[in-house]
K.L.:
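Quick one: this structure, given as structure tokens, is what I'll be asking you about.
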There are 2 protein chains.
Amino acid sequence: MAHSHDVPTDLTRNQGLVLGALNHSESPLSAYDILDKLRADGLRAPLQVYRALDKLVERGLAHRLESLNAFVACADEHCHRKGLIAFAICEGCGKVDEFADSVIEERLGHWAGAKGFKVERTTMEIRGKCEACVAAA
Amino acid sequence: MAHSHDVPTDLTRNQGLVLGALNHSESPLSAYDILDKLRADGLRAPLQVYRALDKLVERGLAHRLESLNAFVACADEHCHRKGLIAFAICEGCGKVDEFADSVIEERLGHWAGAKGFKVERTTMEIRGKCEACVAAA
DNA sequence: GCGGCAAGTGTAATAACATAACATATCACG
DNA sequence: CGTGATATGTTATGTTATTACACTTGCCGC
């Protein structure tokens, strides 16, 4: 079994490097973490990383975690997800679990409809401890 | 009608100033925005603001908006809210609408229970346009 | 009163995250 | 070819947040 994800072939060099770094990591990386990992590959400035991240996030290949100022590769290997995605972030080990819940999505849609609010994007992040870390405590 | 909220009397000077600044604002303020507003009152360093914000957030008198790196006063004047709070943030006018939804809360609890994940806190932020700004567009 | 502790404050320095501005390069396509 | 769109490289700067340390204030027990 391949641990690494299959990666679209039409990424630019920098985008490929950045996505590779995210795919290799067990936990979220800040833009500067990524930069440090990619200095050996010739990257030198934050902007090179931020630009690649923008494109990857735009295409759904990576996600930004707002409460961490950090990024993860999309957990869904082949097709980037549609709709609302929630993240459970473990404060113990740093791992992130990505999931979708159509009931929540529908519920938010309902609220927005009632208020006349036009949703553009939604951030949903749960902070806490994963099962393993609770057990270890 | 009082536009300002009633404010607990046991706040320290800095906490009171910071909460006052948030209550006066129509939209979220960054810590540095707050600092600028309070220079006339003698505040000089970011830390003075961040320390006050920490306490206010801890007590539920203010909320941090992760996707904005900014803060708002709690919309609920008298008792700070329990449980999950969601925010709808208008990209047009900057206004923030705060609401709770017990179905969503229950749904997240269910997911967490099934996974053995111990939730400590949850961030939920909708970005988009409010009714007025959609109409104006 | 006064010793001692907890919480709050003031200040400077620095760390961590993110973007502006500008020049150059690469590539699809007419 | 040439031209426009996209990507890149680089420097400088802007914005958000914390560390470290010294001092003050209020409170409680003795």
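Residue numbering restarts at 1 for every chain, and letters A, B, ... go by the order of the sequence lines.
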K.L.:
Can a side chain N or O of Q48(B) be found less than 4.0 Å away from OP1 or OP2 on dT9(C)?
P.N.:
no
K.L.:
Does one side chain, of E125(A) or S67(A), offer a donor that lies under 3.5 Å from an acceptor on the other?
P.N.:
yes
K.L.:
With DNA chain D as reference, determine whether K55(A) or P46(A) sits nearer its 5' end, using the nearest nucleotide of each.
P.N.:
K55(A)
K.L.:
Can you check whether R64(B) has a side-chain N or O nearer than 4.0 Å to OP1 or OP2 of dA17(D)?
P.N.:
yes
K.L.:
Would one find a side-chain N or O of N69(A) under 4.0 angstrom from OP1 or OP2 of dA18(C)?
P.N.:
yes
K.L.:
Once you round it to whole Å, what is the distance between P of dT19(C) and CG of L53(A)?
P.N.:
11 Å
K.L.:
Is R127(B) salt-bridged to E91(B), cutoff N-O under 4.0 Å?
P.N.:
yes
K.L.:
Can you tell me if the side-chain N/O atoms of S30(B) get under 4.0 Å from OP1 or OP2 in dT16(D)?
P.N.:
yes
K.L.:
What is the distance from CG of L47(B) to P of dA16(C), rounded to the nearest Å?
P.N.:
16 Å
K.L.:
Below 4.0 angstrom, N of the basic side chain to O of the carboxylate: do R121(B) and E66(B) qualify?
P.N.:
yes
K.L.:
Output the rounded distance in Å from CG (L35(A)) to C1' (dA18(C)).
P.N.:
13 Å
K.L.:
Between P on dT11(D) and CG on L43(A), what's the gap in Å once rounded to a whole number?
P.N.:
14 Å
K.L.:
Output the rounded distance in Å from CG (D33(B)) to P (dG14(D)).
P.N.:
16 Å
K.L.:
Looking across every strand, which nucleic acid part, if any, lies under 4.0 Å from A45(B) by heavy atom: base, sugar-phosphate, or nothing?
P.N.:
base
K.L.:
In whole angstrom, give the distance that lies between atom CG of D36(A) and atom P of dC17(C).
P.N.:
10 Å
K.L.:
Would you say the ring centers of F87(B) and H63(B) fall short of 6.0 Å from each other?
P.N.:
yes
K.L.:
Give the minimum heavy-atom separation between A73(A) and L19(A), together with the two atoms involved.
P.N.:
CB-CD1, 4.3 Å
K.L.:
Rounded to the nearest Å, what distance is computed from the CZ atom of residue R13(A) to the P atom of nucleotide dG9(D)?
P.N.:
7 Å
K.L.:
Do Y32(A) and dA15(C) share a donor-acceptor pair, side chain to base, under 3.5 Å?
P.N.:
no
K.L.:
Of the listed nucleotides (dG8(C), dG9(D), dG10(C)), which one gets closest to any side-chain atom of N14(B)?
P.N.:
dG10(C)
K.L.:
Nearest whole angstrom, please: distance from the P of dA7(C) to the OH of Y50(B).
P.N.:
23 Å
K.L.:
With a non-hydrogen cut-off below 4.0 angstrom, is R44(B) in contact with a base, only sugar-phosphate, or nothing?
P.N.:
sugar-phosphate
